[in-house]
Asker: 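Okay, handing you the structure first.
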Amino acid sequence: MTATGPAAAPAEGPVAVVRRYLDEIYHAGDVELVREITADGVVRHDPGGTRVLDHEAQIARIRADLPQWQPWFTAEVLAGDDQYAVLVWTARGRTAERVLSGIEVFRVVDGRITDVWNTPYSTEPWA
């Protein structure tokens, strides 16, 4: 406890936030967790442009994709520092025959994902 009241709990680091994003949202299906661990206005950076997704758009995007194949993400690499997490992933469908792989860089501020940089996805797993 500080002189002015209880100490604020430290925000989760970027690697822990991205791990929760995979495990709790995609693997467990808790899509509403988006409201807790992402900014209400995540900037998605793709080659050639950006788009901003508020919570409703983020949830709709995941809900549209999740039931089709229920991806299970394997983190080939998940590493970061105090602001960024880099994720090299392979996703395999649990309910449909599908494989995707990609690389994403997440910026996390105060325990919330604020930006995501994406490479184009591949339909082959990492070798």
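Below, each value reflects all heavy atoms present in this structure, side chains not excepted, and no hydrogens, waters or symmetry copies.
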Asker: If you apply the rule side-chain contact (heavy atoms from CB on, under 4.5 Å), what do you find for Val42 with Thr114, and how did you get there?
Answerer: CA-CA 5 Å; Val42 167; Thr114 62; over 6 Å; no

Asker: Contact between Pro125 and Ser101 at the side-chain level, heavy atoms closer than 4.5 Å - yes or no?
Answerer: no

Asker: Does a side-chain N-to-carboxylate-O contact under 4.0 Å join Glu36 and Arg20?
Answerer: yes

Asker: To the nearest 0.5 Å, how far apart are CZ in Arg107 and CH2 in Trp117?
Answerer: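 Here the rounded value is 6.5 Å.
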
Asker: Side chains of Val31 and Leu66: does their closest heavy-atom pair fall under 4.5 Å?
Answerer: yes

Asker: Answer yes when Glu12 and Arg112 have at least one side-chain N-carboxylate O distance shorter than 4.0 Å, and no when they do not.
Answerer: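 Answer for the salt bridge query: no.
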
Asker: Verify the distance criterion only: is there a donor paired with an acceptor across the side chains of His45 and Asp115 at less than 3.5 Å?
Answerer: yes

Asker: Could you measure the distance from the OG1 atom of Thr50 to the CG atom of Asn118? Nearest 0.5 Å is fine.
Answerer: 12.0 Å

Asker: Test of understanding: clusters of I, L, V, M, F, W, Y form through side-chain heavy atoms closer than 4.5 Å, transitively. Do Val43 and Ile62 belong to the same one?
Answerer: no

Asker: Say whether, by atom type as modelled, one donor and one acceptor occur between the side chain of Ser122 and the main chain of Glu124 under 3.5 angstrom.
Answerer: yes

Asker: Can you confirm whether or not the ring centre of Trp89 sits under 6.0 Å from the ring centre of Tyr121?
Answerer: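 Ring centres of Tyr121 and Trp89 closer than 6.0 Å.
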
Asker: Give a yes or no on whether the backbone of Ile103 and the side-chain of Thr119 come within a donor-acceptor separation of less than 3.5 Å.
Answerer: yes

Asker: Nearest 0.5 angstrom please: Ile59 CD1 to Asp54 CG, how far?
Answerer: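 If I round to the nearest 0.5 Å, the distance is 9.0 Å.
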
Asker: Any ion pair linking Arg35 and Asp40 (charged N to carboxylate O, less than 4.0 Å)?
Answerer: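 Arg35 and Asp40: not salt-bridged.
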
Asker: Looking at Tyr21, Phe73, Phe106, which one forms a side chain to side chain contact (heavy atoms under 4.5 Å, CB included) with Leu87?
Answerer: Phe106

Asker: Less than 3.5 Å apart, any donor N or O on the side chain of Thr38 or Gln58 sitting next to an acceptor on the other?
Answerer: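 Indeed, the side chains of Thr38 and Gln58 share at least one donor-acceptor pair under 3.5 Å.
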
Asker: How many angstroms lie between atom OG1 of Thr123 and atom CZ of Arg98, to the nearest 0.5 angstrom?
Answerer: 9.5 Å

Asker: Show the nearest heavy-atom pair for residues Val15 and Ala85, with the distance to one decimal.
Answerer: N-CB, 4.0 Å

Asker: Are Leu22 and Val86 joined in one hydrophobic group, where the rule is that I, L, V, M, F, W and Y side chains link up if heavy atoms are under 4.5 Å apart?
Answerer: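 No, it is not one cluster - the side chains of Leu22 and Val86 are not joined through contacts under 4.5 Å.
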
Asker: I'd like to know if Arg44 and Glu104 make a salt bridge, using a cut-off of under 4.0 Å between side-chain N and carboxylate O.
Answerer: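 The answer is yes: the pair qualifies as a salt bridge.
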
Asker: Could you grab the distance from atom CH2 of Trp69 to atom CD of Glu97, nearest 0.5 Å is fine?
Answerer: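 Interatomic distance, Trp69 CH2 to Glu97 CD, rounded to 0.5 Å: 11.0 Å.
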
Asker: Do Ile37 and Ile25 pass the side-chain contact (heavy atoms from CB on, under 4.5 Å) test, and can you show the C-alpha distance, the side-chain angles, and the key distance before you say yes or no?
Answerer: CA-CA 10 Å; Ile37 66 170; Ile25 293 174; 4.0 Å; yes

Asker: Are Leu100 and Val116 grouped together when hydrophobic residues (ILVMFWY) are joined by side-chain heavy atoms under 4.5 angstrom apart?
Answerer: yes

Asker: Examine Val108 and Tyr26 and state if one hydrophobic cluster contains both, with Ile, Leu, Val, Met, Phe, Trp and Tyr joined whenever side-chain heavy atoms are less than 4.5 Å apart.
Answerer: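 Both belong to a single hydrophobic cluster.
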
Asker: Could you give me the CA-CA distance, side-chain angles and deciding distance for Thr90 and Val99, then say whether side-chain contact (heavy atoms from CB on, under 4.5 Å) is met?
Answerer: CA-CA 7 Å; Thr90 299; Val99 175; 4.2 Å; yes

